[in-house]
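In what follows, a single structure is set out as structure tokens and then discussed.
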There are 2 protein chains.
Amino acid sequence: MPSMKDKINRVAIELFYQKGYFATSVSEIAGQCGIQKASIYYHYPSKENILFHIQKVTMDELTGYLRGNLDGQDDIEARMRAAVHSHVRFHLNRQKETFIANSELRGLTPAHYREIVRKRDEYEQIFQQIIREGCKAAVFAAVDVRILSYAILTLCNAGAIWYNPEGRMSVDAIADIYETFVLGGLKKGQFPGITPE
Amino acid sequence: MPSMKDKINRVAIELFYQKGYFATSVSEIAGQCGIQKASIYYHYPSKENILFHIQKVTMDELTGYLRGNLDGQDDIEARMRAAVHSHVRFHLNRQKETFIANSELRGLTPAHYREIVRKRDEYEQIFQQIIREGCKAAVFAAVDVRILSYAILTLCNAGAIWYNPEGRMSVDAIADIYETFVLGGLKKGQFPGITPE
DNA sequence: GTCTATATTTTGATAGAC
DNA sequence: GTCTATCAAAATATAGAC
């Protein structure tokens, strides 16, 4: 059942992605939904709450997707490959929402900001744990775990910026490139002389 | 001579970085400069023009810095190392301006937008040329040049997000990590079965 | 170069009818 | 659940005095 609340959500994702949160007005969202701006406030208490809802759902689904993809993967290298693949796939398939979740943190109220940052930390810690295990098992080079996890996540976000669903490359082909790049950058022998954190 | 125009520029960089372009008002900029908002318009014709000025100067200096660092580097691997090092150094030393240049494109007028995108393309093409030469010389694995250049630039931007000038790591130590990561990801043998663009 | 005063538009949000 | 009408505040920008 496609409710008006869902429609507002979809329209807001489109507009926040194209113009940014602050540059998008409630009237604009209402206009593209075919209703008056006052009617928006029946479904959401504020403009900020629409943004918060988008970010919350996106982060929860991103983390759920990752956990699902890691389930049953035991080998440490396979786990990192699966994690990168999961991250890239989600970001390509959900381009607009992940862009908003990455760039519109400043539009949130302090309380909502903290909640989203906590969810983001949770997600990052899954990656950091894999890197840590890989270093311990001497599969990965031992470097600063936090720096590497940010590097990997940021690198994999790159695809979402230029990816075109109508383009010639498939999601999996792109994910494979990032996967190989990350594993090549991570593996032992790359960082001589640097000690574990 | 620290002119008022310079002061407006510095204050705007700080505010656009902290709050975003659309969330920052002309009154706020004026307030932190110790003048009235009307006085801003003596120095700049519009708020958008302040943003444009920041982006233009940043892109010009970024490209100039890269060219200077590449000058005299002949070996292909040395050129890529120097390019990554230059990119990371600039982004860590000029955190706020590069963040604005990367994230506030949507605040520009169409004409100014095109001008900045052109400068950005110019910069990226220097990286793409190095990758292309590296593939031709069979030093790098032969993969999609555009994808790799975006991946490298995005990856190297990661540092600017968390870097703290007061922190324990030096700019050069961080640049070394990214340099090694990129070269590890790029080098031949990583991408079996993928043909050149 | 900076000021005061103001024009114009638009914003997010609320009240109350239907 | 959507409407009309409206509020109060804030925005960018301009005019003209000093």
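The chains referred to below are lettered A, B, ... by the order of the sequence lines, with proteins before strands, and numbering in each begins at 1.
Distance alone, capped at 3.5 Å, places no donor-acceptor pair between the B:Tyr21 side chain and the B:Ser103 backbone.
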Name the atoms and distances for all side-chain donor-acceptor pairs under 3.5 Å in residues 52-59 of chain B, with sequence neighbours left out.
residue : atom : partner  : partner atom : Å
B:His53 : ND1  : B:Asn9   : OD1          : 3.4
B:Gln55 : NE2  : B:Glu104 : O            : 3.3
B:Thr58 : OG1  : B:Ile54  : O            : 2.6

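Atom CG in B:Asp6 sits about 15 Å away from atom C1' in C:dG1, given to the nearest Å. Rounded to whole Å, the distance from OH on A:Tyr44 to P on D:dT2 is 13 Å.
A salt bridge is defined here as a Lys NZ or Arg NE, NH1 or NH2 lying under 4.0 Å from an Asp or Glu carboxylate O, and B:Arg10 with B:Glu14 fails to meet this definition.
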Footprint string (nucleotides 5-18 of chain C, 5' to 3'): B base within contact, S backbone only, - free, heavy atoms under 4.0 Å: B-----SBBBB---

Stepwise ring-ring contact (aromatic ring centres under 6.0 Å, His included) check, A:His87 with A:Tyr123: CA-CA 10 Å; A:His87 184 82; A:Tyr123 182 74; 5.7 Å; yes

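Nearest nucleotide to the side chain of B:Gln36, out of C:dT2, D:dG1, C:dC3: C:dC3.
With a 4.5 Å cut-off on side-chain heavy atoms, A:His112 and A:Leu51 do not count as touching. Side-chain contact between B:Leu15 and B:Glu28 is present, with heavy atoms from C-beta onward closer than 4.5 Å.
Close to C:dT2, at under 4.0 Å from its OP1 or OP2, lies no side-chain N or O of B:Tyr42.
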